[in-house]
Amino acid sequence: MYKLYAFWSAPAESDVASFEEYYAATHVPRASAVPHLESIVTTLTAEGLAGGESAHYRVAEMAFATKAAFDECVKSPEWAEMRACSGDIIEKYGVTLTVAIGEEVTGTPTHS
């Protein structure tokens, strides 16, 4: 699998409810509509490891079968619409978005 990770910073406390509503009702459906998408998972990262602060507010994982499928996706009007929506979120809520992409490598647990 070829995966994209979108790391969102937290909106202002007063904007959390509005951000969450817009993210769930508008942004996730737009992201879900991009061609060649195999799966999408979004996570509200409420806490960091061992009770520390989370480095991110929300993380989205988008999976594609191959890098070629991803490369085709980014040429689509649906991708452009999703990207524009991301820009709207950044402007409206003053959040940041960091994106990383790469090939999935699966390991095998060593415990039984």
Side-chain angles (χ1 to χ4, degrees):
M1 297 298 277
Y2 195 74
K3 294 189 175 182
L4 176 147
Y5 293 92
F7 302 97
W8 292 94
S9 68
E13 188 69 34
S14 60
D15 288 336
V16 167
S18 177
F19 175 93
E20 287 298 320
E21 181 180 337
Y22 187 84
Y23 188 82
T26 303
H27 190 64
V28 173
R30 287 182 180 163
S32 298
V34 300
H36 308 294
L37 182 68
E38 297 283 323
S39 67
I40 183 169
V41 176
T42 66
T43 304
L44 180 61
T45 55
E47 60 186 73
L49 186 62
E53 281 196 38
S54 176
H56 310 287
Y57 174 75
R58 229 181 215 298
V59 177
E61 175 190 84
M62 299 174 75
F64 300 85
T66 62
K67 183 177 184 318
F70 173 77
D71 290 342
E72 282 300 311
C73 172
V74 301
K75 298 174 188 174
S76 72
E78 294 89 352
W79 179 264
E81 187 175 340
M82 181 198 68
R83 291 288 309 264
C85 185
S86 294
D88 292 344
I89 291 171
I90 291 165
E91 185 176 324
K92 182 175 183 174
Y93 296 105
V95 296
T96 61
L97 171 62
T98 305
V99 177
I101 55 175
E103 193 75 36
E104 177 181 77
V105 178
T106 305
T108 303
T110 57
H111 63 283
S112 51

Heavy-atom closest contact (Leu97 atom, Ala6 atom, distance): CD1-CB, 3.7 Å

Pairing residues for Ser32 by the side chain to side chain contact (heavy atoms under 4.5 Å, CB included) criterion, not counting sequence neighbours: Val28, Ile40

All side chain to side chain contact (heavy atoms under 4.5 Å, CB included) counterparts of Asp88, not counting sequence neighbours: Tyr22

Any pair counted as ring-ring contact (aromatic ring centres under 6.0 Å, His included), so long as it reaches residues 25-48, sequence neighbours left out: Trp8-His27, Tyr23-His27

Test item: Thr42 and Val59 side chains (from C-beta on) under 4.5 Å apart, heavy atoms: no

Over 12 non-hydrogen atoms of neighbours within 6.0 angstrom of CD in Glu103: yes

Set of residues satisfying side chain to side chain contact (heavy atoms under 4.5 Å, CB included) with respect to Ala12, sequence neighbours excluded: Ser14, Asp15

Closest non-hydrogen atom pair, Ala31 against Met62: O-CE, 3.7 Å

CG-CE distance between Leu37 and Met82, expressed to the nearest 0.5 angstrom: 9.0 Å

For Arg83, salt bridge (Lys or Arg N to Asp or Glu O under 4.0 Å) partners two or more places apart: none

Summary of ring-ring contact (aromatic ring centres under 6.0 Å, His included) pairs that have at least one residue in residues 37-57, sequence neighbours excluded: Phe7-His56, Phe19-Tyr57

Could you list the donor-acceptor pairs under 3.5 angstrom formed between side-chain atoms of residues 64-73 and any protein atom two or more places apart in sequence or on another chain?
from	atom 1	to	atom 2	distance (Å)
Thr66	OG1	Ala68	N	3.4
Thr66	OG1	Ala69	N	3.0
Lys67	NZ	Asp71	OD1	3.2
Lys67	NZ	Asp71	OD2	3.1
Glu72	OE2	Lys75	NZ	3.1

Any pair counted as side-chain hydrogen bond (donor to acceptor under 3.5 Å, both in side chains), so long as it reaches residues 90-101, sequence neighbours left out: Ser9-Thr96, Ser18-Tyr93

Qualifying residues under side chain to side chain contact (heavy atoms under 4.5 Å, CB included), relative to Val41, sequence neighbours excluded: Thr43, Glu61

Pairwise side-chain contact, Glu20 with Arg58, heavy-atom cut-off 4.5 Å (strictly under): yes

Partner residues of Glu104 under the salt bridge (Lys or Arg N to Asp or Glu O under 4.0 Å) criterion, sequence neighbours left out: Lys3

Trp79-Tyr5 co-clustered via ILVMFWY side chain contacts under 4.5 Å: no

Members besides Met1 in its Ile/Leu/Val/Met/Phe/Trp/Tyr cluster (side-chain heavy atoms under 4.5 Å): none

Qualifying residues under salt bridge (Lys or Arg N to Asp or Glu O under 4.0 Å), relative to Glu78, sequence neighbours excluded: none

